[in-house]
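Numbered from 1 within each chain, the chains take letters A, B, ... in sequence-line order. These numbers come from a predicted model, not from an experiment.
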Amino acid sequence: MIDFDLLRHEPERLQAELKKRFITDIDLAELTRLDEERRSSIAKLEAQQAEHKKQSESIAVQRGLKRAGSIKKAKKLAIEIKDLERAAQDATQAFIKIAALLPNLSHESVPAGKTSVDNRVEAVHGEQPHFDFPVKPHWQLAEQLGGLDSKRGARLAGSRFHYIQGDLVYLQFALLRFAMDELTQHGFVPMLTPVMVKEEALYGAGTFPIDTSEVYKLESDPLYLTGTSEIALLNYHAHETIEVEESPQRFMGYSTNFRREAGAYGKDIKGLIRQHQFDKLELFIFVSQEQSWDFFEKELLTICEGLMLKLGLHFRRVTLSSGDLPRKFQKTYDLETWLPSEQRYLETHSISHAGDFQARRLGIKYKTATGQRRYVHTLNATGFAFSRMPVVILENFQQADGRVKIPEVLQPYLHNRALLGQK
RNA sequence: GGAGAGGUGGGUGAGCGGUUGAAACCGCAGCUCUCGAAAAGCUGUAUGCCCUUUACGGGCAUCGUGGGUUCGAAUCCCACCCUCUCCGCCA
C-alpha cells in the first residue's frame, strides 16, 4: 500500500510511476473520483453521528415529554446513520479494490524498461569455468549421482515434483548449515515458519490481490500455502510497534515453499530449476526508514554475494528494470549464476527493498527518538534456494567422470569429502 | 472432534445498559527538589480515520473480530477467531 496522500497531492508522480512500470489496468482519474466519494461519504456519516451522539447524551439527563421528543429524534437519526454507514463502507470498498493494485514507488535508480531484457548488469563476480569435456546438464548429473528421481516424483504428484535423495540431500543440508553459520555472524536469527497462512497475511505482503494465481489454496480450510517464508517472516510483526532504532531486526527463515507456476507451462520442465515445491532459506529485515537504503545497498548485498563468493561460483548482479520489478517492491537485485549447460545466467537470488509498502498494509511501525511513529521498511533476500543452488553447484563443479567437486567451504559439512559421487 | 473458563489501554486489573476512551495500581516521559542520584510530589502518557493550509485545533470510530437488540453497549443476544483447563486423537 502506498501513502494515499500521494493520490491527493501528487497524482502526477503516481501517473509517472504507472507509466514507468507499463501498468495499464489502473485509471488514476477514476481512482481519485472514488477517493473523493469515499471521503465525502465519511464526512456525511460522521456529522450525523455527532448529532446523534449529542441527542443520546441529552436523553440520559432528561425526563418526561422532553425525553420522549429527544428519543423520537434520535430514533430517526439512527436509521439515517445505518444508510450512511453502508454508503461509506461501499465507497471505501470500491476505492480499495482499485487502490490495492497500485504499485510501490520504484527507486530512482531502477532502470526504465519493459522486460528482463532491460535489466541492468551491475557487477560480475568470479570466473566463468572452462571445461575440456562436454558438460552435462544438472539433471543428468543428479540422476547419475542417484540424487534425483523425477519419474517417481511425477507418478506420485505430477510434473515438477521430485524425489531428491542421497548426496543431493546431504548437499542441501551442507549448504544450509554453511549459510546459517555465516549469517548468524551477521546477526540473523533463525526461524522455522508456518507455511499455511490466512488470506490477510498474503494481502499484507503484497502478494494479493495481484498474484493470486501463483498460490495454492486449501479446500477444507481458509488457508493458503506460501511460496516463500517472506510471508510468515513479515507477518511476524504484523500490527506491532517494534524496536529498530538501534539496529535492524534480521531473520532467516527456512521453509518448504509451494508455487503453482501457472504461467510457466513447458518452461524449465526438466530437473530442479522450476518445481512446485522446494526449500529455501530466506532473509528478512525490519529496518528504520533512515537506515534502510544504506543497509540494503551495502550490508545486505555484501552478505548475499559473500556466500556465493565463498562457494567460488561465477555470478552477476542485475537490477530489475521497472517493467520486471514486482509491484510491491521499490527495487530488486537478482543474482544470476552461470549455468554451463545452457551457456546462460540463471536467477538464483532475489534481493528486494519494499520500502513501507508492506508495513503500511500490516501496520508495522517504530518510534523515532523524538517519539514519532513511523512505518518500518522491510527488505527480503534469498539466502539459498535449494531448488537452484544444487543446479549451479552440480554444473559448475562437474568433472569429466560425472562426479562433482565439493566447494572447500562445504567440505566440513560433508564429512570432509572432496567429491560428490565418491564412494 | 467433545466439555468447560476466559479475551479490557505498555503491564496487572476494575467496570457488567447512560456525560466511561474507559477507575486504581505498576511501568514510562517531563518537571520540582538534589552537586548528582534515590525517595517524594506534580504533570503527562492508546490507536486509526475524517475535516480545516494545521492548531500543543475540531470531529468520528475502536474494550478479540464481525453482525444484532436499544435513543444509547466494554456491559445484553448471535456467529466466528484466539488463549487456558479436562477428555479424545496424534509426531
Legend entry - Watson-Crick and G-U pairing of RNA chain B written in dot-bracket, each distance under 3.5 angstrom, with | for inter-strand partners: ((((((((.[[[..)..(.....]]]((((((.......))))))((((((.....)))))).[[[[[..)....]]]]])))))))....

At 4.0 Å (heavy atoms only), tell me whether [X] reaches a base, stays on the sugar-phosphate, or touches nothing.
X	result
Ala74(A)	sugar-phosphate
Lys44(A)	nothing
Arg86(A)	nothing
Arg373(A)	sugar-phosphate

When rounded to the nearest Å, what value does the distance between [atom1] atoms of [N] and [M] take?
N	M	atom1	value
A91(B)	G7(B)	C1'	30 Å
U34(B)	G21(B)	P	42 Å
C89(B)	G27(B)	P	49 Å
U83(B)	U8(B)	P	14 Å
C16(B)	G11(B)	P	23 Å
C25(B)	C31(B)	P	23 Å
G67(B)	C81(B)	C1'	14 Å
A79(B)	A3(B)	P	13 Å

Residues 350-359 of chain A, side-chain donor-acceptor partners within the protein, below 3.5 Å, at least two apart:
| residue | atom | partner | partner atom | Å |
| --- | --- | --- | --- | --- |
| Ser350(A) | OG | Asp334(A) | OD1 | 2.9 |
| Ser352(A) | OG | Thr332(A) | OG1 | 2.9 |
| His353(A) | ND1 | Gly355(A) | N | 2.9 |
| His353(A) | NE2 | Ser292(A) | OG | 3.0 |
| Asp356(A) | OD2 | Arg360(A) | NE | 3.3 |
| Asp356(A) | OD2 | Arg360(A) | NH2 | 3.2 |
| Gln358(A) | OE1 | Thr378(A) | OG1 | 2.7 |
| Gln358(A) | NE2 | Ala205(A) | O | 2.8 |
| Gln358(A) | NE2 | Glu230(A) | OE2 | 2.9 |

Provide the full list of salt bridge (charged side-chain N to carboxylate O under 4.0 Å, His left out) pairs with a residue in [range], sequence neighbours left out, each pair given once.
range	result
residues 175-185 of chain A	Arg177(A)-Asp181(A), Glu182(A)-Lys310(A)
residues 66-75 of chain A	none
residues 11-28 of chain A	Glu10(A)-Arg13(A), Glu17(A)-Arg21(A), Asp25(A)-Arg327(A)

Inset, instruction - Would you grab the first and last nucleotide of RNA chain B (5' to 3') that comes under 4.0 Å of any non-hydrogen atom in chain A? - result: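 From 5' to 3', the first and last contacting nucleotides are G18(B) to G72(B).
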
Quick one: ring-ring contact (aromatic ring centres under 6.0 Å, His included) pairs with a partner in [range], sequence neighbours left out?
range	answer
residues 61-104 of chain A	Phe4(A)-Phe95(A)
residues 172-227 of chain A	Phe208(A)-Tyr224(A)
residues 225-252 of chain A	Tyr236(A)-Phe251(A), His237(A)-Phe286(A)

Legend entry - Contact nearer the 5' end of RNA chain B, comparing Gln49(A) with Lys72(A):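 Nearest nucleotide further toward 5': that of Gln49(A).
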
Inset, instruction - For Lys365(A) and for Ile71(A), locate the closest nucleotide of RNA chain B by heavy-atom distance; then report the residue assigned to the nucleotide nearer the 5' terminus. - result: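 Final value for this comparison: Lys365(A).
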
Legend entry - Glu122(A), Glu305(A), Glu347(A), Glu297(A) screened by salt bridge (Lys or Arg N to Asp or Glu O under 4.0 Å) with Arg317(A), the one that passes: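 With Arg317(A) as partner, salt bridge (Lys or Arg N to Asp or Glu O under 4.0 Å) holds for just one option, Glu305(A).
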
Legend entry - Sequence-distant partners of Phe329(A), ring-ring contact (aromatic ring centres under 6.0 Å, His included), two or more places apart: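 For Phe329(A) there are no ring-ring contact (aromatic ring centres under 6.0 Å, His included) partners, ignoring immediate neighbours.
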
Legend entry - Residues which pass ring-ring contact (aromatic ring centres under 6.0 Å, His included) with His52(A), listed by chain and number, not counting sequence neighbours: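 By the ring-ring contact (aromatic ring centres under 6.0 Å, His included) rule, His52(A) matches no residue at all.
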
Legend entry - Six-ring centre of Tyr375(A), Lys365(A) cation under 6.0 angstrom, axis tolerance 45°: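 Geometry flag: set, cation within 6.0 Å and 45°.
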
Inset, instruction - Give me the residues of residues 26-39 of chain A where at least one heavy atom lies under 4.0 Å from an atom of RNA chain B, by number, or none. - result: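 Output list: Arg38(A), Arg39(A).
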
Inset, instruction - Considering non-hydrogen atoms only, spot the tightest contact between Thr228(A) and Asn257(A) and give its length. - result: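 Between these two residues, the closest heavy atoms are CA-OD1, 3.0 Å.
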
